[in-house]
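Report on the following structure.
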Number of protein chains: 2
Amino acid sequence: MNEVLQNFREVLIEKPVDVIIRQIKELLVSGQLKPGDKLPPERKLSEQFGVGRTHVRDAIRKLEFYGILKTRPQSGTFVASIGITALGNLIADVLKIDSPSFVSLVETRVLLETASVTLACERRTHEDIIQLELSLNNYLDKAGLGIKAVEEDLMFHLTIADLSKNKALKSLLLIIIPDIIANYSIFKVCDTVTNKALSEHKALFDCIREGDGERGARIMKEHLKGVMDFAQSLVQ
Amino acid sequence: MNEVLQNFREVLIEKPVDVIIRQIKELLVSGQLKPGDKLPPERKLSEQFGVGRTHVRDAIRKLEFYGILKTRPQSGTFVASIGITALGNLIADVLKIDSPSFVSLVETRVLLETASVTLACERRTHEDIIQLELSLNNYLDKAGLGIKAVEEDLMFHLTIADLSKNKALKSLLLIIIPDIIANYSIFKVCDTVTNKALSEHKALFDCIREGDGERGARIMKEHLKGVMDFAQSLVQ
DNA sequence: AATCGCTTATTGGTCAACCAATTTCTCTTT
DNA sequence: AAAGAGAAATTGGTTGACCAATAAGCGATT
């Protein structure tokens, strides 16, 4: 298959779902639909937009996923109660196809992970340390043999996020990590196992065990610096 | 309607979609499906799980949304190429209904916004400052009259995120802000307009205009401290 | 006049059939 | 035997009809 053409087409054609979403968005920002209002029935919308009900349902699902709509079976779909202006902008932003740049992703990852390790140092329990050690060993066992251990690497980082006891933080990391991985494969980021990486993982573990948040943050930044440098080199 | 009962039922019943997602997840973690593999056709899956094809499609959509699956029309649905172990854990985590606590959300918001304002101070252009001033005035105009200006408040913060030139950062803020708003209404957070809030917004603007990142971060933390204190008071 | 109960209409949920693009197979041709 | 064209099967996409739960309307009863 021609990948380039494929991507080209993907940009050009606006999928039916996206058309509907935009239309519903316009109903919202124009004030025809206010928070708490009931949306017209799916049949009506599909007729109004001249499109199948399936597409309307898909659009509603997606909007629901973003917390903008709330549908109650056999009753109707409602606009979530949030300010209308903010809503319009939220939708516009969320649905815009502005995939964050690799630099943005890595920059944000550094931010989240630094906070993650700092919090982990403060909040980890004795059991947490045992769990983290298991995760560390999983990584060391594989990486020590010179084998790529991307999964184990990530799991170690996610475990640290777990110890931060901040679910929101961990969720956000879960969101951006797949994107980072995708970019890794696109740009063929060098992923040779270095002794540096190995010792840094060990050092991170030590910091968390000893509760040295400041040093943990420093090591994390250093640990991710390589990726950051690479990301920045792509831009120039 | 009895809201309590509603919530109760909502927890109890496992929707068909979630059942399918769990089944597909088991196919993944058990190794029957490896990254890059093609999933059985939708018809086969629906037959195998003893459920309508619609539900299978819904499940695939959701998994696709999380970046776990990738479906190509008239060709098939494939498992995204990411380590299987990490995958299993990602799915387990993402689909777990562990709504982050309010404290987590606010804590993370403080983190993101602090970084946001720091970056904005470094990277803002002349045009950015004009735009931010507009946003600020929108807020001041409404809030100055003693009217609640939640939307304008949020928009000001989002504009700052915009000036940070970090799309990932802004996207993440967009993700958690609705959650925070939801909690605001649940817990009836006091949202009286205070002179303190007004002057802090102005101060944030000044910092960004003058490029004083350090002071900007300090003010942002102070600005969100009230919310943070409230969130923590709920726990105790 | 207000309220309770039944009937009817509306609504989102579900399903099975159909469509068009893709892939696979097979037969022809070189 | 290899390559190519074309038919047949497979696949995700789409549609319209049907289902069950809810809401609305209406009339009898108190």
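Each chain gets a letter, A, B and so on, in the order the sequences are listed, and its residues count up from 1. As the structure is a prediction and not an experimental result, all values here were calculated from the model.
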Could you walk me through whether B:K167 and B:D162 pass the salt bridge (Lys or Arg N to Asp or Glu O under 4.0 Å) check? CA-CA 7 Å; B:K167 288 179 182 176; B:D162 220 22; over 6 Å; no
Does B:S75 place a side-chain N or O at less than 4.0 Å from the phosphate oxygens OP1/OP2 of D:dT11? no
Take the protein atom NZ of A:K44 and the nucleotide atom C1' of C:dG12, then report the distance between them rounded to whole Å. 16 Å
Please state how far atom CD1 in A:I20 lies from atom P in D:dT14, giving the value in whole angstrom units. 11 Å
B:L224 and B:V106, any side-chain heavy atoms less than 4.5 Å apart: no
Base, backbone or nothing for each nucleotide of nucleotides 15-20 of chain C, written B, S, -, heavy atoms under 4.0 angstrom, 5' to 3'? B-BB-B
Rounded interatomic separation in angstrom, taking NZ from B:K38 and P from C:dT22: 14 Å
Go through the structure and list residues passing side chain to side chain contact (heavy atoms under 4.5 Å, CB included) with B:D153, not counting sequence neighbours. B:Y139, B:H157, B:H201
In whole angstrom, what separates A:E47's CD from D:dG16's P? 12 Å
Assess the residue pair A:L140 and A:N137 against the criterion (side chain to side chain contact (heavy atoms under 4.5 Å, CB included)); give the C-alpha distance rounded to whole Å, side-chain angles, the decisive distance to 0.1 Å, and a yes or no. CA-CA 5 Å; A:L140 292 180; A:N137 286 333; 4.2 Å; yes
Identify, with sequence neighbours excluded, every residue that meets side-chain hydrogen bond (donor to acceptor under 3.5 Å, both in side chains) alongside A:T108. B:N166
Given atom CG of B:L39 and atom C1' of D:dG12, what is their separation to the nearest angstrom? 13 Å
If I take atom NZ in residue A:K70 and atom P in nucleotide C:dT11, what distance separates them, rounded to the nearest angstrom? 20 Å
Over all atoms of both residues, closest heavy-atom pair of A:A161 and A:S116: CA-OG, 3.2 Å
Excluding sequence neighbours, so at least two apart, what forms side-chain hydrogen bond (donor to acceptor under 3.5 Å, both in side chains) with A:K165? A:D128
Hey, what bend do you get for the helix from C:dA1-D:dT30 to C:dT30-D:dA1 if you fit axes on five pairs at each end, rounded to 10°? 0°
Interatomic distance, A:E42 CD vs C:dT11 P [rounded to whole Å]: 10 Å
Between C1' of D:dG12 and CG of B:D58, the distance in whole Å: 14 Å
Just grab all the salt bridge (charged side-chain N to carboxylate O under 4.0 Å, His left out) pairs involving residues 43-56 of chain B, residues at least two apart or on different chains. B:E42-B:R53
Scanning both residues in full, the closest heavy-atom pair of A:K38 with A:S75 reads NZ-O, 3.6 Å
